[in-house]
K.L.:
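Have a look at this one before I ask anything.
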Amino acid sequence: MDNLLYWVGLAAVAVNALTGVLDAGRKKMDLVGVTMVGCATALGGGTVRDLLLDRPVFWIGDQTYLVVALATTLAVFFAVRGLRLPPHLFLIPDAVGLALFTIVGTQVALEWQAPWLVASLLGVITGVVGGVLRDVLCNEVPLVFVRGELYASAAWFGALVLVGLQALGLSPVAAAWIGMAAVLAARLLAMAYRITLPTYSERE
Amino acid sequence: MDNLLYWVGLAAVAVNALTGVLDAGRKKMDLVGVTMVGCATALGGGTVRDLLLDRPVFWIGDQTYLVVALATTLAVFFAVRGLRLPPHLFLIPDAVGLALFTIVGTQVALEWQAPWLVASLLGVITGVVGGVLRDVLCNEVPLVFVRGELYASAAWFGALVLVGLQALGLSPVAAAWIGMAAVLAARLLAMAYRITLPTYSERE
Amino acid sequence: MDNLLYWVGLAAVAVNALTGVLDAGRKKMDLVGVTMVGCATALGGGTVRDLLLDRPVFWIGDQTYLVVALATTLAVFFAVRGLRLPPHLFLIPDAVGLALFTIVGTQVALEWQAPWLVASLLGVITGVVGGVLRDVLCNEVPLVFVRGELYASAAWFGALVLVGLQALGLSPVAAAWIGMAAVLAARLLAMAYRITLPTYSERE
């Protein structure tokens, strides 16, 4: 399981760095601005999780995460510069990053002895904070707050699937894969069919 | 005293969650967006205090706080939806939350051996950070920064009252109640009579 | 070296508080708003560094930093109020604060056994986060993200100079002075000659 978490964590870092670059690029930031947004998107969620759990921050001790985030950022920057990309292209990798980070975050919190409800919320935080930082730094209202389609709720659903399957006795590795599939499926279906939650609104 | 801090802390969480929902609702967020803003408003200030003091974060180990925040958020969401509320209604619970959190934050910092000036500032941080998060997430300029009326200054005044009364030998519990009353009175009087501090301005 | 770090740290706190006041003043904030922006600008970068490294936060245990930040804020507030200042005056102390904090941050991280690449990035974070907080609280897009001229890149360049010179066997104190000069020179030259990095942009 630790091995799986490590590789899924690296993949999540790379995918989130990619979405950060695509978003920052639309704002015409320069190379360093793009790099910082890419790294913040890639490392932000796990950092907040580790601070809240009072664990050592994952990318401080092991330089690999930072190298992956920087390498992805630079590669995407030079690969995509000058191409005309559809503006919403980054929604797909964003959904993948959400799924990977949510499950890694929930699992790490469970292994750190957090109560299950807290662990599922820490999973959601790990999943969405990177994207929130990206959007705040690019001066946009975060996707997670304004989109009608399921976003944090998709993450929470998958985190609860992970917690529930483990409570039922499934192996952590199997539960993790199913949880990731649950987040991704919920988010993609919600985007495809415009599934939304009830909106709060005062009488209009 | 610890008992008082625990219950005042829970009350502060509930009151701040309420203000988060009322504010998020005006932005027509959906159920999960509202829930996240409610929880961030309720838990944000104490979280920052605990991170700065290097204490375990208060809602990670004890699931009660999170349950209270979630339950308040859901209850207010469904109770208030569809009502037409006066737009500034949330200023009163906001003042109550400010008073409760400021005093809890200052007292926790004092018990954690922070120097008195640092402790009073940590009280202000505990009091205002939840509201700042709420306003930033709702994409508004934070109340604490633009309002002419006393806000952070009301919190700081009450925190210093708490510190001063304890230094004079008053029991911590009595000092806490008087400090809360001081914050609340200062904030409400400032709103009622539009009491303001000198404004910085270059010659106009 | 520890002695040098201490005094450079205090100087950096004072300089950054100054820039916070100048910026907050243009927004016509009141005394407490200005104080909070000044303190956040002065203490924010080092706080994030200490949280990421899991060190005790530098201004919690030693009240001196907070006193310096508050005293600078108040002194500047009353000294500058009513003067008509050129709007970009604060760019010079901002560059000085960037240089001081970047080098202190990198050196502290190295002494805390962070790997060199992580240490240089923590130096950049220490240098830029105070200014980012200032700009976010004043509701502006952070300097570091939109300016064409070198900013974070100047900080990173100096941090790498510091790391490199120490690896070559230079004494930490000498390396620190040269690193500070490198950040300052890079930033000031970039402003004077409008040196920029390549910008990401999709075909236009």
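Keep in mind that the numbers below use all heavy atoms, side chains included, and drop hydrogens, waters and symmetry copies. This structure is a prediction, so every number in the text was calculated from the model and none was measured. Numbered from 1 within each chain, the chains take letters A, B, ... in sequence-line order.
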K.L.:
Over all heavy atoms of both residues, which pair between Pro115(A) and Gly61(B) is shortest? Give the atoms and the distance, please.
P.N.:
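Scanning both residues, the minimum pair turns out to be CG-O, 4.0 Å.
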K.L.:
Give the minimum heavy-atom separation between Val118(A) and Trp59(B), together with the two atoms involved.
P.N.:
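What the structure gives for the nearest pair is CG2-O, 3.6 Å.
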K.L.:
Which one of Leu121(A), Leu117(A), Ile125(A) has the most heavy-atom pairs closer than 4.5 Å to chain B?
P.N.:
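Counting heavy-atom pairs under 4.5 Å, the top option is Leu117(A).
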K.L.:
Which bit of Trp116(A) is near chain B, if near means a heavy-atom gap under 4.5 Å: side chain, backbone, both or neither?
P.N.:
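Both backbone and side chain.
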K.L.:
Do Leu122(A) and Ile60(B) make a side-chain contact, defined as non-hydrogen atoms from C-beta onward lying under 4.5 Å apart?
P.N.:
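They are in side-chain contact.
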K.L.:
Evaluate the side-chain proximity of Met36(B) to Val128(A): yes if any heavy-atom separation is below 4.5 Å, no if none is.
P.N.:
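In contact.
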K.L.:
In this structure, which one of Leu51(A), Leu52(A), Val48(A) forms a side-chain contact (heavy atoms from CB on, under 4.5 Å) with Thr47(B)?
P.N.:
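With Thr47(B) as partner, Leu51(A), Leu52(A), Val48(A) yield a single side-chain contact (heavy atoms from CB on, under 4.5 Å), made by Leu52(A).
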K.L.:
What part of Leu66(B) is in contact with chain A, defined as an atom under 4.5 angstrom from a non-hydrogen atom: side chain, backbone, both or neither?
P.N.:
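Just the side chain, heavy atoms under 4.5 Å.
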